[in-house]
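Worksheet: one structure, shown below.
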Amino acid sequence: MTTQKTYRHEIYQRAVLESFAKLNPRWMVRNPVMFVVEAGSVLTTLLWIQALTGKGEAPTRFIGAIALWLWFTVLFANFSEAVAEGRGKAQAESLRKARQDTPAKKLRGVANDVQTALSKTEVVSSTALRKHDLYLVEAGDILPADGEIIAGIASVDESAVTGESAPVVREAGGDRSAVTGGTRLLSDWLIIRVSADPGEGFLDRMIGMVEGAKRQKTPNEIALNILLAGFTIIFLVVCVTLLPYSLYSVDAAGQGAPITITVLIALLVCLIPTTIGGLLSAIGIAGMDRMIQRNVIAMSGRAVEAAGDVDVLLLDKTGTITLGNRQAVEFIPVNGVNAHDLAEAAQLASLVDETPEGRSIVVLAKEKFGLRGRVIGSSDEAPEGMHFIPFTAQTRMSGVDFDGTSIRKGAPDTMMALVQSHGNHLPPDLKPAVDNIARMGGTPLVVARNNQALGVIHLKDIVKGGIKERFAQLRKMGIKTVMITGDNPLTATAIAAEAGVDDFLAQATPEAKLKLIREHQAGGKLVAMTGDGTNDAPALAQADVAVAMNTGTQPAREAANMIDLDSNPTKLIEIVEIGKQLLMTRGALTTFSLANDVSKYFAIIPAAFASTYPQLQALNFMRLATPESAILSAVIFNALIIIMLIPLALRGVPYRAVGAAQLLRDNLLIYGLGGLIAPFIGIKLIDMLLVALHFV
Amino acid sequence: MTLYSWLQLIIYLAVLILLAKPLGAYMARVYMGERISLDRALGPVERLVYRLSGIDPRAEMDWKVYAVAMLAFNALGLVVVYALQRLQGVLPLNPQGLGAISPDSSWNTAVSFTSNTNWQGYGGEATMSYLTQMLGMTVQNFVSAATGMAVLAAFIRGLARHTTKMLGNFWADLTRTTLYILLPLSVVLAIALVSQGVVQTFGEYRTVSLIQPSAASESQVIAVGPAASQIAIKQLGTNGGGFFNVNSSHPLENPTPFSNFLEMLSILLIPAALCYTFGKMVGDTRQGWALLAAMTLVFVTLLSAAVWSERSGNPAFTAMGIDQKQTDINPGGNMEGKEIRFGIANSALWATATTAASNGSVNSMHDSYMPLGGLIPMWMMQLGEIIYGGVGSGLYGMLAFVIIAVFVSGLMVGRTPEYLGKKIEAYEMKMASIMILVPVIVVLVGTAIALMSEAGRAAIYNPSAHGFSEVLYAFSSAGNNNGSAFAGLGANTPFYNTALGVAMLFARYWLAVPALAIAGSLVQKKKVPESAGTLPTHTPLFTAWLIGVIIIVGALSFLPALALGPIVEQLMIFG
Amino acid sequence: MISQLRPAFLMLLIFTVIAGVIYPLVVTGIAQVAFPYQANGSLIAIDGKTYGSELIGQQFAAPKYFWGRLSAAGYNAAASSGSNYGPMNPALIEAVQARIDALRAADPGNPLPVPVDLVTASASGLDPHISIAAALYQIHRVASARRLDEVVVESLVEKYTEGRQFGILGEPRVNVLLLNLALDGLQ
């Protein structure tokens with residue numbers, strides 16, 4: 001707790017200094033709204049200096065106060081940005097520790113085993129490694145660069161990147177061949193081909209992202225900036241032209257003094273959308289930051305924004321919609337076989353099957369028929385005379401042989417072939433039983449004893465708890481969910497219905513996935529998906545929001561525009577919410593900022609022309625004490641509201657899964673109506689305070 | 001307010017809304033190239049026009065070509081109107097022998113009529129020959145209106161079509177608008193107006209004897225001319241340039257309450273119906289109704305304020321023992337600058353309608369309105385001429401506001417904003433911002449320049465804050481292509497003719513071209529299908545939000561200026 | 001730009017003919033046939049002499065005539081104009097006061113309040129009408145100037161009163177020109 005506090009304290013301390021550093025006009029000019037405020041601050045300061053010499057256009061104290069609060073307005077905006085950046089910077093620092101230069105054992109040629117490799121190594125600095133170079137790492141080494149394993153298998157501590165302390169296994173080939181520079185090898189050795197030049201590695205990109213150093217404005221942010229610049233120009237014209245209007249009015253009314261430059265600048269700063277202008281950049285950085293807090297690294301702000309726009313989510317069935325493991329739920333005997341017999345045979349065949357499915361068969365037999373398989377044998381070593389046949393890709397079945405009895409279980413088509421190949425006929429009720437299970441979304445396993453079919457085990461996909469509700473929410477948000485599965489259409493239909501997805505793609509191949517994405521995109525929709533395998537890469541590259549699992553392959557990670565360090569496929573839903581939150585926060589604060597203007601007109605206009613047209617005091621609804629206190633109160637409110645909204649900008653507007661119509665209504669009520677009313681109260685309070693403090 | 005005043009306002013709105021659907025549907029058919037009942041009669045004429053001008057009406061244009069065609073046509077029109085005025089002295093159909101018009105006035109009027117503003121620095125009956133009125137004014141009344149509607153048609157296609165570049169053919173849109181919409185309506189209206197007493201003759205001005213001859217004169221010269229044909233299109237095409245100096249308050253331009261009703265109806269008829277056309281063309285009429293509802297809500301609110309203000313009368317008169325109370329035998333209220341046959345309700349209704357649409361014709365003198373009553377028309381114009389607005393231009397101006405409203409509210413529901421399935425991105429924001437920015441800048445900067453210059457101040461007629469209002473009104477009118485005036489301002493001077501001419505030019509084409517640019521960008525985009533996450537833009541909530549954006553963005557920018565004009569004047573009178 | 005100039009020129013030419021020549025000629029043709037009286041200015045001709053247009057007001061200052069609205073144009077029907085006085089303009093107050101004074105001078109002791117339309121300028125400067133209240137206000141003066149019974153004058157006023165059109169539109173009003181012509185015809 002204390003460390004958390006000091007850590008925050010440090011961020012704020014640094015942010016205060018940063019806010020001053022950011023006053024550099026070359027930095028400010030990127031934000032037209034705040035640049036105008038800064039220009040106004042400089043101008044009023046000059047007017048204040050002029051007033052100090054006794055030639056002021058208004059009381060020195062008044063000009064001084066306005067100038068001071070205008071500077072505060074700029075500083076507060078800079079502060080918000082600095083705080084947002086600070087949080088990222090702190091994270092970046094810990095990442096950077098992992099990226100320090102490390103010695104690398106570079107290979108001067110190809111090697112496929114550690115002995116050959118060792119003979120070819122030369123130790124160089126990690127910065128000397130280039131793409132396509134090979135290097136060797138051994139237990140205890142820090143990996144010097146990102147790469148693809150070409151030989152070896154080892155456990156790796158990736159906590160520097162993921163924050164997850166459990167080691168992960170990395171091996172050549174397959175979907176676990178990518179490694180990240182900065183992680184540490186815990187055991188064995190690996191030969192790795194470098195996949196990124198120094199400074200372009202995954203960790204470097206991650207640091208860049210969290211630091212916001214190379215942050216580019218996102219499309220929506222650019223559009224909003226244009227709108228804000230437009231407003232700024234309008235109000236600039238409004239204020240500049242007010243001077244000749246005022247001169248004429250003084251002439252026409254025959255009394256009073258023209259509006260002062262100080263008041264014009266105050267009016268301008270109050271009218272231009274400083275609230276959103278000041279917080280815009282902080283909102284963007286904080287959006288990225290929220291992703292990082294959920295252990296998602298977005299490769300661009302554009303991707304985060306696109307996440308909010310997603311219309312279609314492609315979700316892998318396994319792991320996302322269903323628990324990874326199927327479980328046995330029923331034994332269906334055929335051909336008059338006793339259910340007990342079937343269960344026993346199934347249990348025997350599964351005794352050493354350590355897959356979750358296999359274990360669930362043993363458990364089911366025990367639960368239903370009180371069979372205690374462990375009496376016959378233990379999984380650790382085969383009991384006397386028992387010979388277990390493991391599952392292989394070639395045979396596609398597993399089982400056990402003992403006492404001349406052979407029991408096999410496996411996929412229906414393989415098993416049926418087995419039965420028929422031994423000249424036995426298939427029981428007539430076998431096929432219907434198999435089909436029935438498939439229709440219900442289950443996976444049938446056929447059990448045979450001595451090549452005679454005994455019956456079918458019903459393995460069932462278990463849909464994750466709460467997922468159906470989650471999909472219902474998504475539907476309310478207007479997002480369509482599509483389940484991707486390798487299952488046959490029959491099975492897929494059943495699971496889709498149970499999970500409540502809108503659509504599914506059965507017997508999915510990488511090509512079918514890619515085609516599906518393209519079809520949706522052709523209809524104008526934005527598609528998000530997750531993936532981890534190399535064969536997912538084309539689809540990931542095509543999708544608008546593509547989240548790669550950190551455990552995935554290098555090609556998958558490169559094709560994606562986000563990486564989930566937790567490798568949790570359900571994260572996609574959260575990513576969408578963060579994207580929406582980012583846009584909502586911008587919209588809400590823009591609305592708030594615009595609505596604020598109404599009160600400021602009523603505070604400043606009567607005050608600005610008080611000497612020429614005292615009748616305008618009728619517009620002073622707030623009954624602000626004096627013209628000076630009115631103008632100053634508006635300026636102070638304008639500055640303070642930025643500070644007060646920093647937490648909202650960093651946290652984001654809360655998102656609820658409801659339809660757009662309701663969301664708009666709620667946000668308009670809070671930020672539109674609130675923005676209309678709040679400043680009336682705020683300005684009045686500040687005015688009362690100024691009076692109480694005898695400032696005016 | 002008497003029952004009759006209410007009744008007349010209600011009947012007016014009811015008829016307007018009732019006609020929006022049939023006329024709107026008809027116009028949609030015209031723009032979608034579908035068969036219409038007038039094909040048989042006018043089809044041959046249409047084809048003849050294409051053949052004579054060597055145009056293939058099916059050759060579609062992208063936005064740039066469309067804009068170039070539009071600009072070329074308007075530029076040429078401007079030159080012709082200018083030349084006609086400069087040369088009218090030596091041209092035929094000039095029974096009064098009126099001489100050439102000064103270069104600055106000619107420039108002003110040429111811009112004014114080609115830009116569909118119809119600001120009139122001159123007095124019609126004392127300045128323009130019949131030939132100039134017909135070949136210059138009447139022709140531009142048609143084609144400037146048709147230009148606005150063509151640009152709108154292209155804009156709507158930008159929303160309705162997808163993944164193409166083509167927005168239609170300007171020449172075909174221009175021709176079909178004129179032949180199938182403006183001409184038939186104008187003929188019917190013109191005849192109806194003549195039946196009420198509007199003159200339509202090529203004869204010279206009539207001289208009649210006075211019933212009570214005075215020392216100065218025994219006779220009265222009555223200006224006549226081919227007025228009805230011009231008045232019909234000036235009302236229908238949101239032009240507003242009158243045949244006579246005092247426009248539709250002239251008894252020969254607007255003789256009866258019924259002619260007044262028809263003329264008022266014509267002001268808003270096409271702009272209101274185009275909302276339905278829009279809905280029809282984008283395949284969702286609810287979208288059109290939502291816009292019409294937003295317009296009507298603002299209209300009714302401001303109309304009520306205007307009627308209330310004028311009905312209350314002038315406190316200075318009350319002090320003099322004058323009876324301003326409305327009864328069945330006394331129209332009451334502030335009758336200065338108003339005609340008896342129209343009374344308060346019809347005058348205030350006209351003033352609100354003519355400034356809501358960028359029509360600018362008048363049946364009463366806005367300069368003599370009470371400050372609040374004068375603020376309403378001024379504010380209507382400053383809103384950007386989008387409450388119904390000019391034919392075509394009003395709706396595309398409104399759609400610029402819709403784009404901004406959609407953008408902000410779209411963000412608020414957590415999506416990249418989209419309107420009718422089209423994503424609103426940086427380019428659209430840039431163009432929409434220009435469309436909103438330009439009129440504001442033109443009005444405010446123009447007013448500032450006028451007030452700073454000797455020539456600008458010299459033309460001011462009324463003293464004090466009201467004088468400020470006159471200048472502000474003039475630039476609000478020119479800078480939004482309205483054309484009405486606080487007519488006390490002596491604007492027929494080289495300074496105002498030039499400055500207001502520039503203002504009108506900017507206001508028209510700096511909106512029309514960005515509008516086409518938006519269409520050109522939107523038309524290339526895919527159409528995102530609607531879902532529960534899509535911001536609905538046809539709901540009362542969105543309509544309310546749209547109004548809020550219009551008020552805050554479009555209207556409040558003028559609050560400081562208005563405070564120094566009508567607002568302070570109102571406060572001076574009523575304390 | 002260049003390629004569009006040719007069609008632009010031809011189009012403008014064609015529409016100048018259609019909208020600028022054919023259209024007004026067609027309308028004039030129909031108007032002159034169907035509504036010749038209205039199309040030519042609604043002129044009142046009695047015995048070959050044209051006494052004005054029933055739609056155009058004239059200046060009346062003699063006590064024996066009903067007076068119309070104030071006119072900034074001096075009822076010049078070839079140069080219509082309103083006063084364009086703002087509501088606070090001292091000139092407006094002056095003009096109104098002058099009219100009140102004239103009305104009072106011509107008919108001292110008239111107890112009726114002065115209806116607003118009788119002291120304000122019309123928009124066109126040619127308004128042919130006054131309100132019923134304004135006519136009633138003047139009956140006493142006109143009747144005494146012409147030595148007529150007020151009831152006779154009143155019945156004439158009633159005769160030249162136009163109600164709301166179709167019972168709803170506009171304001172009830174009295175046509176000053178027609179009323180005065182009728183008054184003259186009485187004598």
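Order of the sequence lines sets the chain letters (A, B, ...), proteins ahead of strands, with each chain counted from 1. Predicted model only: the values in this text are computed from it and were never measured.
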### Derivation and outcome, side chain to side chain contact (heavy atoms under 4.5 Å, CB included), residues B:Leu135 and C:Val21
CA-CA 7 Å; B:Leu135 299 193; C:Val21 179; 3.8 Å; yes

### Task
Apply side chain to side chain contact (heavy atoms under 4.5 Å, CB included) to C:Glu171 and B:Asp328, showing your working.
CA-CA 8 Å; C:Glu171 298 287 331; B:Asp328 274 344; over 6 Å; no

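Taking chain C as the reference chain and counting heavy-atom pairs below 4.5 Å, the highest number among B:Ala67, B:Ser209, B:Pro226, B:Ala146 is found for B:Ser209. For chain C, the option among B:Val224, B:Leu7, B:Thr178, B:Asn247 with the highest count of heavy-atom pairs below 4.5 Å is B:Thr178. Chain C forms the most heavy-atom pairs under 4.5 Å with one residue out of B:Leu48, B:Asn330, B:Val139, B:Ile329, and that residue is B:Ile329.
Contacts between B:Leu489 and chain C at a heavy-atom distance below 4.5 Å are absent for every atom of the residue. The parts of B:Phe258 that come within reach of chain C are both its backbone and its side chain, each placing non-hydrogen atoms under 4.5 angstrom from that chain. For B:Asn363, the part sitting under 4.5 Å from any heavy atom of chain C is the backbone (N, CA, C, O) and nothing else. Of the two parts of C:Ile130, only the backbone, made up of N, CA, C and O, holds a non-hydrogen atom closer than 4.5 Å to a non-hydrogen atom of chain B. If you measure heavy-atom distances from B:Arg206 to chain C, the contacts under 4.5 Å come from the side chain alone. In this structure, no portion of C:Tyr37 lies under 4.5 Å from any heavy atom of chain B. In this structure, chain C has heavy atoms under 4.5 Å from both the backbone and the side chain of B:Glu569. When heavy atoms are compared at a cutoff of 4.5 Å, B:Ser347 does not approach chain C at all. In this structure, chain B has a heavy atom under 4.5 Å from the side chain of C:Leu92, while its backbone stays farther away. With a threshold of 4.5 angstrom between heavy atoms, B:Leu76 approaches chain C through its backbone and through its side chain. With a threshold of 4.5 angstrom between heavy atoms, C:Leu43 approaches chain B through side-chain atoms but not through N, CA, C or O. Interface remark: C:Ala61 contributes backbone and side-chain atoms alike to the contact with chain B (heavy atom separation under 4.5 Å). For chain B, the nearby part of C:Ser42 is the side chain; its heavy atoms alone come within less than 4.5 Å. Contacts of C:Tyr65 with chain B are made by side-chain atoms alone, with heavy-atom separations under 4.5 Å and no backbone atom involved. Contact of B:Tyr12 with chain C is not made at all, since no heavy-atom distance falls under 4.5 Å. With a 4.5 angstrom heavy-atom cutoff, C:Ile100 touches chain B only via side-chain atoms. Residue B:Pro371 touches chain C through both its backbone and its side chain, counting heavy-atom pairs closer than 4.5 Å. Both the backbone and the side chain of B:Thr175 come within less than 4.5 Å of a heavy atom in chain C. Residue B:Asn314 touches chain C through its side chain alone, counting heavy-atom pairs closer than 4.5 Å. Using a 4.5 Å cut-off between heavy atoms, B:Gln220 contacts chain C through its side chain alone, with no backbone atom that close.
For C:Phe15 and B:Phe142, the distance between ring centers is not under 6.0 angstrom.
Expressed to the nearest 0.5 Å, how far CD of B:Glu253 lies from CG of C:Leu55 amounts to 12.5 Å. Atom OH of B:Tyr50 and atom CD1 of C:Ile14 lie 11.0 Å apart (nearest 0.5 Å). With values rounded to the nearest 0.5 angstrom, B:Ile55 atom CD1 is found 9.0 Å from C:Arg6 atom CZ. Rounded to the nearest 0.5 angstrom, C:Phe35 CZ and B:Gln196 CD are separated by 8.5 Å. Within the model, atoms CD1 of B:Ile191 and CD1 of C:Ile30 stand 4.0 Å from one another, a figure rounded to the nearest 0.5 Å. A distance of 6.5 Å separates CD1 of B:Ile211 from CD1 of C:Ile44, quoted to the nearest 0.5 Å.
Panel note: side chain B:Gln8, backbone C:Leu169; no donor-acceptor pair is recorded below 3.5 Å. In this structure, C:Gln4 contributes its side chain and B:Ala72 its backbone to no donor-acceptor pair below 3.5 Å. Judged by distance alone, with hydrogens and angles left aside, the side-chain atoms of C:Asn84 form no donor-acceptor pair with the main-chain N or O of B:Ser368 at under 3.5 Å. Although no hydrogens or angles enter the test, the distance criterion places no donor-acceptor pair under 3.5 Å between the side chain of B:Asp323 and the main chain of C:Pro113.
With hydrogens and angles left out, the side-chain atoms of C:Ser124 and B:Glu339 include a donor and acceptor closer than 3.5 Å. Judged purely by distance below 3.5 Å, without hydrogens or angles, the side chains of C:Gln59 and B:Ser214 never pair a donor atom with an acceptor atom.
Residues C:Ala19 and B:Thr138 share a closest heavy-atom pair of O-CG2, 3.7 Å.
Ring geometry for B:Tyr461 against C:Tyr85 counts as parallel: the plane angle stays under 30°, on a 0 to 90° scale with 60° as the upper cut.
Two residues are said to be in side-chain contact when any heavy atoms from C-beta on lie closer than 4.5 Å; B:Met335 and C:Pro115 fail this criterion.
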